[in-house]
Each structure stands twice: as structure tokens, then as C-alpha cells.
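Here's the structure we're looking at; comments come further down.
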2 protein chains.
Amino acid sequence: MFTPQPTTTARRSPLSREEVLHAAIRLADEGGIAELTMRKLADKLGIQAMSLYHHVANKDELLDAMVDAVFREIEVVTENAPWKPAMRQRAVSARQTLLRHAWALGMMESRANPGQATLECHDAVLGCLRRAGFSVALAAHAFSVLDSYIYGFVLQELNLPFQNPDDLQRVSGSILQNLPADTYPHLMEMMTAHVSQPGYAYADEFMFGLDLILDGLEQALGVRTQPDGCVALTGSG
Amino acid sequence: MFTPQPTTTARRSPLSREEVLHAAIRLADEGGIAELTMRKLADKLGIQAMSLYHHVANKDELLDAMVDAVFREIEVVTENAPWKPAMRQRAVSARQTLLRHAWALGMMESRANPGQATLECHDAVLGCLRRAGFSVALAAHAFSVLDSYIYGFVLQELNLPFQNPDDLQRVSGSILQNLPADTYPHLMEMMTAHVSQPGYAYADEFMFGLDLILDGLEQALGVRTQPDGCVALTGSG
DNA sequence: ACCTGAACACCGTTCAAGT
DNA sequence: ACCTGAACACCGTTCAAGT
């Protein structure tokens, strides 16, 4: 029996792996990683949960792909750019990306299969450093300390029980208000004299630590390229 | 009717909240956080899952208590110790503790209720810095950059698909072997010329970054306490 | 006070069956 | 090739009932 394709019928185009991936990311972005279940994801796509397994081997593989998609969003500018502003800008982009997808950081702990975008991002960073004169060993050091700092800072940022300065003042007040004033004196001082002051935002701490690390790397690079032992102070000081 | 207590009968002492907490930590340490379900935890304690709710409001409260117990394990030596070795030793202890409880880091992302041990740990660190002459603002900077680095480093360490140098050589080989040699040239160079060399261990990168940050903080402290603008180089260089 | 059985509303995934 | 219904072995948690 010949059954012609119903070309005129409004029909859902067959689901693609890309569609599944992006729907999963949107779901996790909006409702948190706990909201991302195969059943709810299927619901959002208008299919049954079991149909997802035609596009994705299992939930773990989906999570791997999601993490790789996050790395694709991190901008790495290395084209003939000096290493310091390039690394600085990449750090800023990485932080923004990881904040946009709050679920990603917590998932990296358990992922072991780096995707293509992840490898490309790493390669670009290493290339920038090597071209700037970093030895292989120093490039490894630099990569480690920069990524550690970025990941850890975002982890703390996401852990904060507030998102804006108004929240902060309210929350820090309620935490310490119920305690005797001398239980945590230094924490109390930090809250009252600094953190709860107008204009304070934890996000601003990011640049202090980032520049401290970049300056330290610059010094280490200078020591290496000038083996007379004289530290070259190339900063603004 | 009078029913006497069966004093002679071998009877389980009533379960305490502490017992539940430690069993939960052991379960997560051994099998990963996914293994920690209320049902399996109850099994291990020889009771039914529902009985746990007499000692813990819900799973979320249990997770909060587990994170706080991890902070209790971090050693903070601040008694009259100079700030630099004290902060160095605390960073080492924090890293070891977080490696011992690999589940803890991923959970901090979603916890918002700091416990007593957490607050005590933070207070001790701030006290050490303040006594050493750090301004409130610089102490906040120092705290942020140090904790960010520690957390981020451990996050990367846990993310590595190997635990010892032997694994490393095998894994790094299999990742890059299947690729054309020029797809990720700098990653390839890093693997072949550095990471896969005998004696390399990612764990050793920890001290480079830690000392880089501590030296940077020392410099920032010196600049502040000597307002003549002359940087005091108190390091070994 | 502490523990429990049964139940509810969920999970990820398999498998045989449909078109 | 793609989707599905039914089922399996799990979840966290509630609630009424036991001692």
C-alpha cells in the first residue's frame, strides 16, 4: 500500500539533538538543575519522555553536552592580543557565562568527558600564553591558578543568599542580629563596617583577586625572561 | 496494665541526630552524593526511612548539617601565628578536607544557611588577618581571593578523570591519540611535553597559585602600611 | 517519644509494540 | 526512523496508626 507524505498537513518537524540540548539548558537556567528531569524536558518539547532517548543516550550524556555548550559561550580573544588583557577579558566572560548558567559549575565536579568546545577553549588559552613567552610549565601554572580562581569565585557568588545589595543588608542583619554581639566579633565587624555599607557589592571583589593574580603571573614571567634575578616591576606602581 | 521496661533485653539505644549525621557523611564519602538517599541511609542505620524524620526535618536540613560538619574539620591556626603561614596552613587543611568529602563542594552552591562551624571558621580567618594589620576592606579582599582559589582548585581536582599519575598518562593519551595532531596543538604540547612527564602531579600546582596569592596580598599589605609608595619586597627574592 | 506500613507523587530507563 | 504505553526499580515525604 502506498502512503503519501502529508506535505500539506502542519506537522512538527522531527526533533533534533540541538533542540533537545537547548530546551534542557533553558529548563535548567529557569528552574534550576533539579527541575531538569527527562519527563519535564519531554513535556516542554511536546513529546513523551521515552522519545528523548532517540536523541540522547541517557541523562548523563545530555549533561555532558550541556556543559560543553556552556564552554562554547565563553569568549576567548587571543588574536595578536597581549596576554594580560586577553586573559582578563576571558576571565570576565567566563564568570558571566557561569553566572548565566548557575547549574553548570556544580555539574563539572562529576563530568569527566570534555567536549569539543571545552578542548578548544583550553587550547586557545594555552596558545595565548605560549605566544606571550610563557614556558610550558608556567602556562600550566597560569591556567590552573586563573581557572581555579574564576570557578571558586563564581561558586561563592552563587552560594550567597542574596543577589543585590538590598537583599544583602537584610540577610546579613538577620543572621547576626539574633547572636550575642561578641560570638563572631570579626564577622560582625565585617558586616557592619564594610559589607552592609552602601555601595558594597561582592561582585566587585572579582577584579581585585583577578588583577592580583595577573600581576603575580606577570612578575613570574619577568623573572623567567630576565634570568639575572632582578625582578622587573612592569605594573603601574 | 503495668509494662516494665525490658532492661535485660539487648535493645538498640535510641538513634541520635549525631548518629544520623555521621552515617550520612560516611555514605556520601564512600558512594558519592547520589548514593545518599533517605532510604539507603535508613537501611544503613537499621531503621525505616520514615524514622529519619524524627531527627531531621527533611533531606535539605540534613545536607546543611553535613556541610557544616565539613567546615568543623578545617583547621584554623591563628593563635599568635603570623598571618602568612597561618593562612597557608588553613588553605592546605581546607583543600585536604574538601578532597576527603568530595560531595561537599558541589553542595555549597545551593546551601544558603551557614551553620555554627562555618561562621566560626570565617570569624577565625578574619580575626587572623585583622590582627596582622589588614584593613577591613583588605581582609575582605584576602578572604575572597583565598577561598575562591581553594574552592576552585579543588573543583578542578575533583573534575580530573584520574587520581594518580599512572591514570593521567593513560587518560591524556587516549583523549588526544584519536585526534589529528594539529587540532589542539597547545593542549597536545602541554600533555606530551609536561603533564605526561614522570613526576608531574596536578596537586603540585596548588602551592604555586597559593604562594602567588599570598605574596600578592603581602605586597598589598605593605603598600597600605607604608604610604610612601615604596613597595616593600619581603619575600625570599 | 520513637518507630512503622501504606500510600502519594514523583524519578530514569527498558522493552515490546506501533506507524 | 521516530514515537509511544506499560512497566520496573527507584526517589522524598505525609499521615494515620502502632508501642
Side-chain angles (χ1 to χ4, degrees), chain A residues 1-21 23-25 27-28 30-67 103 106-107 110-111 113, chain B residues 1-21 23-25 27-28 30-67 103 106-107 110-111 113:
Chain A
M1 205 97 182
F2 176 67
T3 53
Q5 286 285 68
T7 46
T8 54
T9 310
R11 197 169 50 90
R12 230 201 162 295
S13 62
L15 205 56
S16 73
R17 188 187 156 94
E18 282 300 292
E19 280 180 274
V20 171
L21 182 56
I25 290 173
L27 198 56
E30 289 165 5
I33 195 67
E35 201 69 6
L36 177 67
T37 70
M38 298 301 265
R39 288 162 136 99
K40 285 178 184 163
L41 176 56
D43 247 35
K44 210 146 203 193
L45 290 165
I47 58 169
Q48 297 301 112
M50 315 82 209
S51 305
L52 291 171
Y53 291 83
H54 286 278
H55 304 95
V56 154
N58 49 40
K59 191 176 181 179
D60 233 51
E61 200 212 60
L62 174 62
L63 295 176
D64 278 340
M66 287 170 70
V67 169
W103 44 270
M107 265 171 41
S110 45
R111 305 296 95 212
N113 305 318
Chain B
M1 207 101 181
F2 177 66
T3 54
Q5 286 285 68
T7 46
T8 54
T9 312
R11 195 168 52 89
R12 230 203 161 293
S13 62
L15 205 58
S16 74
R17 188 187 157 94
E18 281 300 292
E19 281 180 271
V20 172
L21 182 56
I25 290 173
L27 197 57
E30 289 165 7
I33 194 69
E35 200 69 5
L36 177 67
T37 70
M38 297 301 265
R39 287 162 135 98
K40 285 177 184 164
L41 176 56
D43 248 35
K44 211 147 201 191
L45 290 165
I47 57 169
Q48 296 301 112
M50 317 83 209
S51 306
L52 290 171
Y53 290 85
H54 286 279
H55 305 95
V56 155
N58 49 41
K59 190 176 182 179
D60 234 52
E61 200 212 58
L62 175 62
L63 295 175
D64 278 340
M66 288 169 69
V67 169
W103 45 269
M107 266 171 40
S110 47
R111 314 282 100 213
N113 303 318

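What you see is a predicted model; the values in this text were computed from it and never measured. Numbered from 1 within each chain, the chains take letters A, B, ... in sequence-line order. Because only heavy atoms are used, hydrogens play no part in the values below, and waters and symmetry mates are left out as well, while side chains stay in.
Computed from coordinates, the B:Q48 CD to C:dT4 P distance equals 5 Å when rounded to whole Å. A:L15 has its CG atom 17 Å from the P atom of D:dA1, to the nearest Å.
In this model, a side-chain donor or acceptor of A:H54 finds a partner on the base of D:dC3 within 3.5 Å.
Of the possible polar contacts, none joining the A:E35 side chain to the A:G32 backbone as a donor-acceptor pair under 3.5 Å is found.
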Under 3.5 Å, which donor-acceptor pairs link side chains of residues 51-59 of chain B to any protein atom two or more places apart or in another chain?
unit_1: B:S51; atom_1: OG; unit_2: B:Q48; atom_2: O; d: 3.4
unit_1: B:H55; atom_1: NE2; unit_2: B:L15; atom_2: O; d: 2.8
unit_1: B:N58; atom_1: OD1; unit_2: B:D60; atom_2: N; d: 3.2
unit_1: B:N58; atom_1: OD1; unit_2: B:E61; atom_2: N; d: 3.0
unit_1: B:K59; atom_1: NZ; unit_2: B:L36; atom_2: O; d: 2.8

Per-pair distances, 0.1 Å, donor-acceptor, side chain in residues 39-47 of chain B, under 3.5 Å, sequence neighbours excluded:
unit_1: B:K44; atom_1: NZ; unit_2: B:E30; atom_2: OE1; d: 3.3

- Could you encode protein contacts along nucleotides 9-16 of chain C as a string, one character per nucleotide from 5' to 3', using B for base contact, S for sugar-phosphate-only contact and - for no contact, with a heavy-atom cut-off of under 4.0 Å? --BBBB--

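Considering only side-chain N and O atoms, A:S51 lies under 4.0 angstrom from the phosphate OP1 or OP2 of D:dT4. Contact annotation: A:H55 reaches the phosphate of D:dC3 (side-chain N/O to OP1 or OP2, under 4.0 Å).
Rounding to the nearest 0.5 Å gives a distance of 10.5 Å between CE of B:M50 and CE of B:M38.
Pairing for C:dT4 is with D:dA16, a Watson-Crick or G-U wobble pair whose two hydrogen-bonding atom distances lie under 3.5 Å. Under the Watson-Crick and G-U wobble criteria, each requiring two contacts below 3.5 Å, nucleotide C:dC11 is left unpaired.
A:W103 and A:I25 make their closest contact through CZ2-CG2, 3.9 Å (heavy atoms, listed as atom of the first residue, atom of the second, distance).
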